[in-house]
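Encoded as structure tokens, the structure appears first; notes follow it.
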Amino acid sequence: MSDARKPFPFREFEPQWQQRWESEKTFRTPGPGDPDFDPTKPKYYVLDMFPYPSGSGLHVGHPEGYTATDIIGRYKRMNGFNVLHPMGYDAFGLPAEEHARKTGEHPAINTANNIANFRRQLKSLGFAYDWDREIATTDPEYVRWTQWIFLQLYNSYFCEETNRAKPVSELAAKGWTREQIDEVRFAYVANTPVWWSPDLGTVLANEEVEEWKSKGHTVERRPLRQWMLRITKYAQRLIDELDTLDWPDGIKMLQKNWIGRSEGAEVDFDVQGHKVTVFTTRPDTLFGATYMVLAPEHPFVPEITTAEQKDIVGSYQKSCSSKSDMDRGDLNKDKSGVFTGAYAINPVNNEQIPIWIADYVMMGYGTGAIMAVPAHDERDFEFANRFNLPIVQVVIPSDLPAGYGVLMPLKTAFCDHGIAIHSPPHGWGLKDPKGERYCLNELSTAEAKAKMIDWLESNAKGKRRIQYKLRDWLFSRQRYWGEPFPIVWKDGHHHAISDSELPLLAPPLDDYKPSGTPEPLLSKATDWVNRPDGSTHETNTMPQWAGSCWYYLRYCDPGNTSRFISKEAEAYWSSSNQPSTINHQPSGMVDLYVGGTEHAVLHLLYARFWHKALFDLGHVTTPEPFQKLVNQGLILGEDGQKMSKSRGNVVNPDDVVKEYGADALRLYEMFMGPLEQVKPWQMKGVEGVSRFLARVWRVACEEQTDGFYQISPKIREVPCTDKELLRVVHETLKKVGEDIEKLSFNTAISQMMICTNAFTQADVVPLKEFTQFLTVLNPFAPHLAEEINARVAAVFNRPAHLLSETTWPVYNPEALIRSEIEFIIQVNGKLRDRLMISKDADEATATAAGLASAKVKEHTDGKTIRKIVFVPGKLLNIVAG
RNA sequence: GGCGGCUUGGCGGAAUUGGUAGACGCGCUCGACUCAAAAUCGAGUUCUAACGAGUGUGGGUUCGAGUCCCACAGCCGCUACCA
């Protein structure tokens with residue numbers, strides 16, 4: 001730092017305050033069971049997305065959200081809430097294991113070092129966390145309860161009648177066999193094609209594939225035995241209950257799209273005596289289905305393929321399985337496919353349609369088979385044109401003139417809703433004389449869909465079906481650094497281990513290198529794998545998401561050794577007392593959750609799923625985990641690009657703290673712009689807020705000799721006689737409080753700047769008002785505010801209360817009142833004059849004053865006044881022409 | 001291709017939800033202090049010489065539009081053959 005800048009001694013007092021808060025446990029939060037817990041106090045739970053403790057330390061993006069929640073937490077505390085504001089570490093993860101591979105060192109060591117560094121950095125920013133509640137997902141005591149929750153899922157199933165999870169013991173009591181029960185457990189084993197990465201030595205979830213591919217790892221598709229979680233059972237509730245949450249619409253939309261509900265029908269086609277079922281969202285277009293397409297992996301393909309087509313079908317299937325590894329994202333690739341030689345019978349008109357296989361139909365969605373309606377589906381249209389398949393139009397736009405009967409050759413598929421025609425094709429405008437219920441002609445798409453589904457169901461040719469894009473959650477990994485499954489195998493069956501054996505921890509390994517086979521790393525530990533009773537441990541581990549699915553629950557009762565959270569703690573921290581912006585009873589436990597958009601889908605969906613299961617099973621009392629969600633915007637580099645090591649535009653929070661102090665970093669991150677907006681870093685902006693803090697310092701403190709300060713003689717214990725100053729102070733008390741509630745921190749800070757400028761210019765700074773100002777500054781810049789307050793208190797012999805423990809000052813509405821205001825005079829909507837008049841001036845007074853203005857006359861001369869609009873206390877608009 | 005978000009001075013951003021566009025900060029200019037510089041303090045700063053114009057573009061509603069409606073464009077995210 002250049003010595004030129006006039007500083008304030010933040011390097012001395014910031015660490016001192018941090019030490020004091022720590023040693024006095026200023027921000028410790030008493031909970032149920034603690035002797036000092038007051039159950040009558042309302043709770044407020046404000047949560048940060050806990051970080052993955054990477055080797056590179058905190059990024060400036062982290063303190064953005066953390067400062068926002070810190071301000072809210074401190075503010076709510078000062079308003080009488082019992083605030084839960086905890087921090088922890090999502091500490092399992094591939095990077096620590098990669099490190100272990102290279103060094104041979106146990107990943108726990110590297111993880112502990114990284115956590116220590118994160119903790120040091122977080123503490124250097126003065127956050128008001130209750131450090132007694134700090135947790136890491138890798139702590140054995142934490143792992144115990146992650147595994148315990150897994151067992152709750154393992155031991156329950158989704159009851160379709162009640163639409164909720166229930167214990168499988170209820171099924172056993174009804175006489176279900178073990179095999180039947182294993183079919184319905186939330187946690188189940190399946191042999192499914194998964195993404196396997198040989199060099200990482202693990203299977204990846206669909207959503208992780210791109211990330212690791214972009215880091216240069218290879219990924220291939222392989223069928224493997226994996227643990228899955230039946231999240232799809234909750235698809236509908238995960239959509240419906242979004243309505244009970246105060247989340248940004250964009251995030252709700254992302255989750256809905258990810259779950260991907262579509263309504264339609266299953267239709268059965270007869271193929272040489274076999275039934276092939278397709279899923280369609282457009283059953284109304286069944287008369288336009290001119291061919292069928294199966295996914296290349298569809299199990300019926302070998303059965304139905306004719307002898308002549310066998311070779312070509314086989315080689316196409318082969319090319320697809322290798323192609324899917326490479327560029328399946330390649331959009332512009334032409335449609336490909338081959339004819340199987342087989343035909344299916346369209347159930348509505350008994351016509352034969354050819355069956356093809358093509359890689360644009362995927363096994364993983366719907367039934368892996370489609371009826372192709374080229375006239376009304378773009379992909380089918382493109383395919384039909386490529387392979388000269390017939391195109392039959394059965395829907396026309398509803399805005400075509402009545403009686404329009406000639407079909408134009410289609411240039412593109414018509415995919416919108418419209419009016420059904422040729423269904424069946426007895427000519428335009430005619431109804432089928434034989435069976436009216438079977439004629440869709442002239443019906444709107446919605447009506448035609450409903451009618452067709454009725455027909456399918458009453459003729460046993462198909463049924464209504466709701467389809468989701470969401471797949472079951474691939475929950476096993478072949479890594480070392482994750483929670484082992486609390487499962488053992490005996491005689492080919494899986495069993496839960498008893499709760500008393502938890503936590504089940506992985507033994508240290510001689511080396512952490514992947515074997516190159518899909519065999520999990522833990523299988524190397526043969527002593528551990530084989531149990532004395534002849535059973536073997538499951539060697540897969542859980543994904544990193546597991547720990548982050550429930551950490552917000554553990555914060556409520558982190559030391560509990562007999563339950564994952566006590567009933568009392570759960571009940572208290574779930575109690576709802578916050579006003580909601582939605583028209584619903586709040587349903588979430590955490591009042592405010594702040595974090596980045598990158599978790600919009602996966603983490604937030606997985607955590608909701610676990611929470612709902614725990615809710616159904618009676619372990620928690622709210623149906624949702626997070627009531628209000630706010631996404632902080634990305635902080636870009638000074639060049640407007642995303643911060644990255646390769647671009648060299650990364651800002652390290654440590655450097656900023658060293659040069660400008662923690663308060664300046666906190667304040668700058670809040671002053672940059674709205675929390676949710678993407679915004680670029682500007683070091684000059686940090687200097688700006690640092691100057692502001694120095695100005696606040698100088699209102700109170702005058703430098704004597706180098707490094708020694710004395711309270712400014714301007715500060716006096718006198719009533720505030722300066723009406724204007726008093727008004728600015730009370731406007732600040734009002735606006736800062738309101739802005740914090742709205743999370744509009746940048747405007748709160750600008751108001752505090754205005755207030756500081758007023759103090760700087762005042763000859764006398766009244767102690768009471770200045771202290772009130774420091775109190776509202778405190779959540780933003782707690783070190784500086786406490787330091788000045790302590791110094792001032794000492795000089796005036798006042799008790800040295802921490803500002804953090806005082807109550808939020810209430811503004812006096814009377815201090816805000818101005819007797820005269822600037823009144824705007826417009827002519828035809830354009831500003832022409834400003835007059836000082838009484839705030840309460842009535843229309844007649846204002847009109848007279850306005851018309852008397854010389855500036856107004858210039859613009860109304862020679863015109864007739866047609867109308868005068870009067871807005872009390874604001875303006876007058878004279879309409880002249 | 002689909003969905004979502006954004007667009008206001010040289011820059012980051014304000015604007016009571018239809019009522020003074022540009023608060024606050026950065027940068028810049030000038031002045032004070034200083035031998036000088038830095039720091040600090042003070043004044044100014046949308047564009048234009050001016051009339052005027054002005055919130056991505058074009059239209060509309062209104063006494064009045066950054067704000068509401070219609071059309072379009074440009075950036076940024078996420079997602080992707082989902083039947």
Side-chain angles (χ1 to χ4, degrees), chain A residues 2-7 207 210 248-254 256-258 260-262 264 278-282 285 293 295 328-333 335 358-362 364-373 376-380 382-383 467-471 597-598 600-601 633-634 636 640 642 668 671-674 676-689 691-692 694-695 698 735 738 744 746-754 757 760-761 822-834 866-871 873-881:
Chain A
S2 61
D3 292 326
R5 192 185 318 125
K6 188 85 175 183
E207 47 271 19
E210 277 313 310
D249 289 337
I251 301 296
K252 289 188 181 181
M253 203 76 75
L254 277 173
K256 279 185 191 162
N257 290 345
W258 188 265
R261 179 194 153 103
S262 40
V278 303
F279 173 72
T280 177
T281 54
R282 293 295 299 273
T285 61
V293 187
R328 60 184 196 123
D330 189 1
L331 303 177
N332 297 327
K333 77 178 176 197
K335 291 269 179 298
D359 64 358
Y360 82 89
V361 174
M362 275 149 306
Y365 182 77
T367 60
I370 62 159
M371 62 178 217
V373 184
H376 306 294
D377 180 282
E378 272 170 39
R379 293 152 303 174
D380 297 346
E382 196 190 320
F383 192 85
Q467 176 68 40
Y468 301 92
K469 278 198 277 184
L470 185 70
R471 317 287 165 81
T597 347
E598 66 273 19
V601 187
L634 203 63
L636 304 174
K642 206 166 167 171
Y668 173 63
F671 189 58
M672 290 173 85
E676 303 186 52
Q677 197 168 300
V678 178
K679 43 212 176 277
W681 186 272
Q682 292 183 334
M683 218 36 113
K684 283 283 183 193
V686 185
E687 278 182 37
V689 295
R691 270 204 282 267
F692 159 65
R695 278 165 73 88
R698 286 198 307 271
K735 185 160 174 62
E738 288 171 353
S744 178
N746 54 333
T747 52
I749 293 167
S750 89
Q751 182 62 40
M752 292 190 284
M753 288 171 167
I754 291 170
N757 292 343
T760 301
Q761 271 154 23
E822 194 179 57
F823 193 79
I824 298 308
I825 313 294
Q826 297 180 333
V827 176
N828 294 332
K830 287 198 165 70
L831 175 74
R832 294 305 179 193
D833 203 0
R834 308 153 196 261
R866 297 184 195 282
K867 188 172 177 182
I868 293 178
V869 182
F870 171 67
V871 182
K874 284 254 160 57
L875 59 74
L876 192 72
N877 187 15
I878 300 164
V879 185

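Side chains are part of it too, since the values below use all heavy atoms of this structure and drop only hydrogens, waters and symmetry mates. A, B, ... follow the sequence lines: proteins, then strands. Residue 1 opens every chain.
- Proximity of a side-chain donor or acceptor of A/Asp380 to a complementary backbone N or O of A/Val373 within less than 3.5 Å is detected.
- Of the candidate nucleotides B/G42, B/G25, B/G13, B/G13 has the atom lying nearest to any side-chain atom of A/Gln677.
- Going from atom CD of A/Gln751 over to atom C1' of B/C24 covers 9 Å, rounded to whole Å.
- Between A/Asn746 and B/A14 there is a side-chain polar atom (N or O) within less than 4.0 angstrom of OP1 or OP2.
- The separation between A/Leu831 atom CG and B/A15 atom P is 21 Å, rounded to whole Å.
- A/Lys874 places none of its side-chain heavy atoms less than 4.5 Å from the side chain of A/Ile824.
- Taking the side chain of A/Asn757 as heavy atoms from C-beta on, and the options B/G25, B/C41, B/A83, the nearest nucleotide is B/G25.
- Remark: the separation of the P atoms in B/G12 and B/C47 is 16 Å, to the nearest Å.
- Taking the centre and axis of the six-membered ring of A/Phe383, the NZ or CZ atom of A/Lys335 falls outside the cone set by 45° and 6.0 Å.
- Considering only heavy atoms from C-beta on, A/Phe671 comes within 4.5 Å of A/Met753 through its side chain.
- Between A/Tyr365 and A/Pro674, the one whose closest nucleotide on RNA chain B sits nearer the 5' end is A/Pro674.
- At a threshold of 4.5 Å between non-hydrogen side-chain atoms, the residues A/Asn828 and A/Val879 count as touching.
- Rounded to a whole angstrom, the distance from the C1' atom of B/C11 to that of B/A32 is 28 Å.
- Set against B/G64, B/A83, B/G25, the side chain of A/Met753 has B/G25 as its closest nucleotide.
- The gap from the P atom of B/C6 to that of B/A15 amounts to 14 Å, rounded to the nearest Å.
- Between A/Lys867 and the phosphate of B/C63, there is a side-chain N or O to OP1/OP2 separation shorter than 4.0 Å.
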If you restrict it to nitrogen or oxygen atoms, what contacts under 3.5 Å exist between nucleotides 27-33 of chain B and the protein, and what is each distance?
unit_1	atom_1	unit_2	atom_2	d
B/G27	OP2	A/Arg691	NH2	3.0

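- Partners of A/Tyr365 according to the ring-ring contact (aromatic ring centres under 6.0 Å, His included) rule, which considers only residues two or more places apart in sequence or in another chain, do not exist here.
- Helical stems in RNA chain B, defined as runs of 3 or more consecutive Watson-Crick or G-U wobble pairs with donor-acceptor distances under 3.5 Å: B:1-7 with B:73-79, B:10-12 with B:24-26, B:27-32 with B:40-45, B:56-60 with B:68-72.
- The phosphate of B/G42 (OP1 or OP2) has a side-chain N or O of A/Gln761 nearer than 4.0 angstrom.
- When each of B/U16, B/A14, B/G4 is scored by its nearest atom to the side-chain atoms of A/Met253, the top-ranked nucleotide is B/G4.
- Considering only the side chain of A/Pro680, B/G13 comes nearest among B/U20, B/A83, B/G13.
- For the P atom pair drawn from B/C68 and B/G1, the interatomic distance equals 27 Å after rounding to whole Å.
- Among the heavy atoms of the strands, none lies under 4.0 Å from A/Arg866.
- Glycosidic conformation, B/U17: syn, with the torsion inside 90° of 0.
- Nucleotide B/C81 holds its C1' atom 19 Å from the NE2 atom of A/His376, rounded to whole Å.
- Heavy atoms of A/Arg261 sit nowhere under 4.0 angstrom from any nucleic acid atom.
- Atoms NZ (A/Lys469) and C1' (B/A80) sit 8 Å apart, rounded to a whole Å.
- Nucleic acid contact for A/Asn257: sugar-phosphate only, since backbone atoms but no base atoms lie under 4.0 Å from a heavy atom of the residue.
- Distance noted for atom P between B/U55 and B/G5: 23 Å (whole Å).
- Using a 4.5 Å heavy-atom cutoff, the side chains of A/Ile370 and A/Thr280 are not in contact.
- Side chain of A/Lys679 to main chain of A/Pro674: a donor-acceptor pair is present (N/O by atom type, distance under 3.5 Å, no hydrogens or angles).
- If you check B/A83, B/G12, B/C82 against the side chain of A/Phe671, the one that comes closest is B/G12.
- Note: A/Trp681 and A/Tyr668 have perpendicular aromatic rings, judged against thresholds of 30 and 60 degrees for the angle between ring planes.
- Residue A/Glu378 contributes atom CD, which lies 14 Å from atom C1' of B/A80 at whole-angstrom precision.
- For the pair A/Leu254 CG and B/A80 P, the computed distance is 12 Å after rounding to whole Å.
- Of the P atoms belonging to B/U17 and B/G25, the separation is 25 Å, rounded to the nearest Å.
- Computed from coordinates, the A/Leu875 CG to B/C63 P distance equals 15 Å when rounded to whole Å.
- Comparing B/G12, B/C63, B/C24 against the side chain of A/Ile754 picks out B/C24 as the nearest.
- Within the structure, a side-chain polar atom (N or O) of A/Ser262 is placed less than 4.0 Å from OP1 or OP2 of B/A83.
- The side chain of A/Arg698 places an N or O atom within less than 4.0 Å of a non-bridging phosphate oxygen (OP1 or OP2) of B/C41.
- A donor N or O paired with an acceptor N or O is found under 3.5 Å between the base of B/U20 and the side-chain atoms of A/Glu822.
- A/Gly688 comes within 4.0 angstrom of the backbone, heavy atoms only, and of no base.
- A glycosidic torsion no more than 90° from 0 defines the syn conformation; B/G56 lies beyond that range and is anti.
- Residue A/Arg695 has its side chain nearest to B/C41 when only B/A83, B/C41, B/U20 are considered.
- With rounding to whole Å, A/Lys874 atom NZ is found 8 Å from B/U20 atom P.
- Residues A/Gly250 and A/Val678 each lie close to RNA chain B; by heavy-atom proximity, the contact nearer the 5' end of the strand is made by A/Gly250.
- The closest donor-acceptor contact from the side chain of A/Arg379 to the backbone of A/Asp377 lies at 3.5 Å or more, if one exists at all.
- Panel note: side chain A/Asn877, backbone A/Ile868; no donor-acceptor pair is recorded below 3.5 Å.
- Separation of the C1' atoms belonging to B/C24 and B/C70 is 36 Å when rounded to the nearest angstrom.
- Scanning all heavy atoms of the two residues, the minimum distance from A/Ile251 to A/Ala600 falls at CD1-CB, 3.6 Å.
- A/Thr747 and A/Ser744 share a side-chain donor-acceptor pair at under 3.5 Å.
- On the P atoms, B/C26 is 12 Å away from B/A39, given to the nearest whole Å.
- Here B/G12 is the nucleotide among B/G12, B/A83, B/G25 with the atom lying nearest to any side-chain atom of A/Lys679.
- Among the nucleotides B/C82, B/G19, B/C24, the one closest to any side-chain atom of A/Val869 is B/G19.
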